[in-house]
2 protein chains.
Amino acid sequence: MCKLHNNWYLYIMNKKADHLERLSDPSSYFPGISIDCVIIGFDKDQLHILLLKWKERELWMLPGGFVNLDEDMDQAATRILEERTGIMLPYLTQFHTFGDVNRRDKNLLAEFASMLDGASFTKLNDFLKQRFISTGYLSLVNIQTCKPTVDIMSDYSEWIPVNQIPSLLFDHAEIVGKALEQLKSRINYLPIGITLLPEKFTMKEFQTLYECILGKTLDRGNFQKKILKLGILDRYEKMLSGKAHKAPYLYAFNKKRYNELLEKGIGYMN
Amino acid sequence: MCKLHNNWYLYIMNKKADHLERLSDPSSYFPGISIDCVIIGFDKDQLHILLLKWKERELWMLPGGFVNLDEDMDQAATRILEERTGIMLPYLTQFHTFGDVNRRDKNLLAEFASMLDGASFTKLNDFLKQRFISTGYLSLVNIQTCKPTVDIMSDYSEWIPVNQIPSLLFDHAEIVGKALEQLKSRINYLPIGITLLPEKFTMKEFQTLYECILGKTLDRGNFQKKILKLGILDRYEKMLSGKAHKAPYLYAFNKKRYNELLEKGIGYMN
DNA sequence: CAATTATTGTGTAATTTGCACACATTGCTT
DNA sequence: AAGCAATGTGTGCAAATTACACAATAATTG
């Protein structure tokens, strides 16, 4: 896509203009369907979720949006995430569809309406009044290399540690919960380490990541032996130093080996 | 619900009338959303899927329908299955949402239209022309105690062995495939045996069921020992006889023990 | 009616894995 | 230089997995 736009700035501006246009006249959107993205990152012994703050209000939400009438839902998820955060992820995996009648609080909707009215978004306002079903999409990313930007709807976007998530719009807390549950139950089938860790990392970081997802502590010695035996890591002699005590080895993924195993499900832990 | 209708026949007729009314004027349906149910049974060493045949045509499909505007999707799944097959299942579990633009073949839709036109279903016809997203729901049932009936749209409903499934409407084959995949991957968390087998069964039947789901053979001796050790089965001295060779014991589930284990996931097989 | 046979129930031995903990190593701190 | 805290590795025991072998049984067969 870069090739079509040798001016990156123009490319972005085009996208933004298109987004804005559709919002002000949402007739090209599939009515009643939305998508919400749960983007999970890992930093400093904590899982983080990418959240957006609504303009001028202490109201947090997942990056979400609507499906174009001529667009597959999986494509829509990728587009929506890019529009709202600037993050381009070609593969997001669907994990659940939320279809309760009262999943969207009526009072909040009314507030939304009052905020939108002033800004010539009357059509969007009507569009939003109908009932919506939302499909949740999930992805895991390296928090360091993933710097979200902000769209017109939001003040700022932020990586929030899972234990510090504020109260969220509508049923977004439930959506996050379901995503974390999915992450845990599919831990052996998702590319956990390779997406959530930096290029090189210590064994301790890797273990902490697993402990966060599983919500329990693991035996250090056994974890290390199990992982090394799988052969998915290459060890680098260059050690991390500067901090107190014995310097640990740095490791990186042997991607070939890792992907081979991932197809059958890596039996890290039960 | 029985208590409200001491005349069962009347109750059914009311439901049918309501269904018919909504179909002839689909304005009370959520536009663009449908539900398809994959009901799985087991009989004679084969998994079976419950399919409906379209009136006067060799066209097979999953029992499906539309969501009322004032109805949670999970509720809708139960209602739809009952409307189309007479089977009442309070718990159906959602497994995937199918949202590709071209999931419904345009030619088939046109044929549908021609069939419906003659029968004063012009509004339904228009309703069906729009794009639809469909959410798949899954349930496991005992094929013996589950006798489907037929609704106005269908000639007959039938349990079809998974290896003999005919070509299906739209993307229903893909939906079935995804359901079977789900069944396999969640085998330790779904009430496999207790829903798919009759009250009493032999160890061989139980093993065959697992082999069908997993798509591989299991060692007989080890399977038997593993299951017995879990303590989820009660053995009955009354043996099955009449057939050649050694008569096997009959077993039934110890439901209390079974449900206890199921919550944590029963580690039958990996 | 005993021998046959296919199927069911159980046992065993070799191997692998899981688990808890101990010990050795290392590089910074004091 | 000694101490310390974290990393890397080893060891022993229990439990599980795996691949068979053997025994028991009831209808079939000659």
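Geometrically, B:Arg235 engages B:Tyr249 in a cation-pi contact defined by less than 6.0 Å to the ring centre and at most 45° from the axis. Judged by the 6.0 Å and 45° rule, B:Lys178 forms no cation-pi pair with B:Phe95.
Rounded to whole Å, the distance from CZ on B:Phe223 to P on C:dT8 is 13 Å. The CD atom of B:Gln207 sits 11 Å away from the P atom of C:dG9 (whole-angstrom rounding). Atom-to-atom, CG of A:Leu233 to P of D:dG8 comes out at 11 Å; the value is rounded to the nearest Å. Here C:dT8 presents its P atom at 15 Å from CZ of B:Phe206, a figure rounded to the nearest Å. The CG-P distance, from A:Asp219 to D:dT9, rounds to 15 Å in whole Å. One can place CG of A:Leu250 at 13 Å from P of C:dG27, the figure rounded to the nearest angstrom. What separates CG of B:Leu228 from C1' of C:dG11 is a distance of 14 Å, to the nearest Å. Taking atom CD1 of B:Ile227 as the reference point, atom C1' of D:dT17 lies 14 Å away to the nearest angstrom.
At a threshold of 4.0 angstrom between heavy atoms, the contacts of A:Lys225 include nucleobase atoms, whether or not backbone atoms are also involved.
Between B:Lys246 and C:dG9 there is no side-chain polar atom (N or O) within less than 4.0 angstrom of OP1 or OP2.
Side-chain atoms of B:Gln224 do not come within 3.5 Å of backbone N or O of B:Gly221 as any donor-acceptor pair. Judged by distance alone, with hydrogens and angles left aside, the side-chain atoms of B:Thr208 form no donor-acceptor pair with the main-chain N or O of B:Asp45 at under 3.5 Å. For B:Asp72 (side chain) and B:Gln75 (main-chain N/O), no donor-acceptor pair under 3.5 Å exists by modelled atom type.
Closest contact between the side chain of A:Gln224 and the listed nucleotides C:dG9, D:dT9, D:dA19 involves D:dT9. Distance from the side chain of A:Asn222 is smallest to C:dA20 among C:dG27, C:dA20, C:dG9. Counting only heavy atoms from C-beta on, A:Ala247 has its side chain closest to C:dG27 among C:dG27, D:dA26, D:dA19. Comparing C:dT8, D:dA19, C:dT10 against the side chain of B:Arg235 picks out C:dT10 as the nearest.
Remark on DNA chain C: of its neighbouring residues A:Lys229 and B:Arg220, the 5'-side contact belongs to B:Arg220, judged by nearest-heavy-atom nucleotide.
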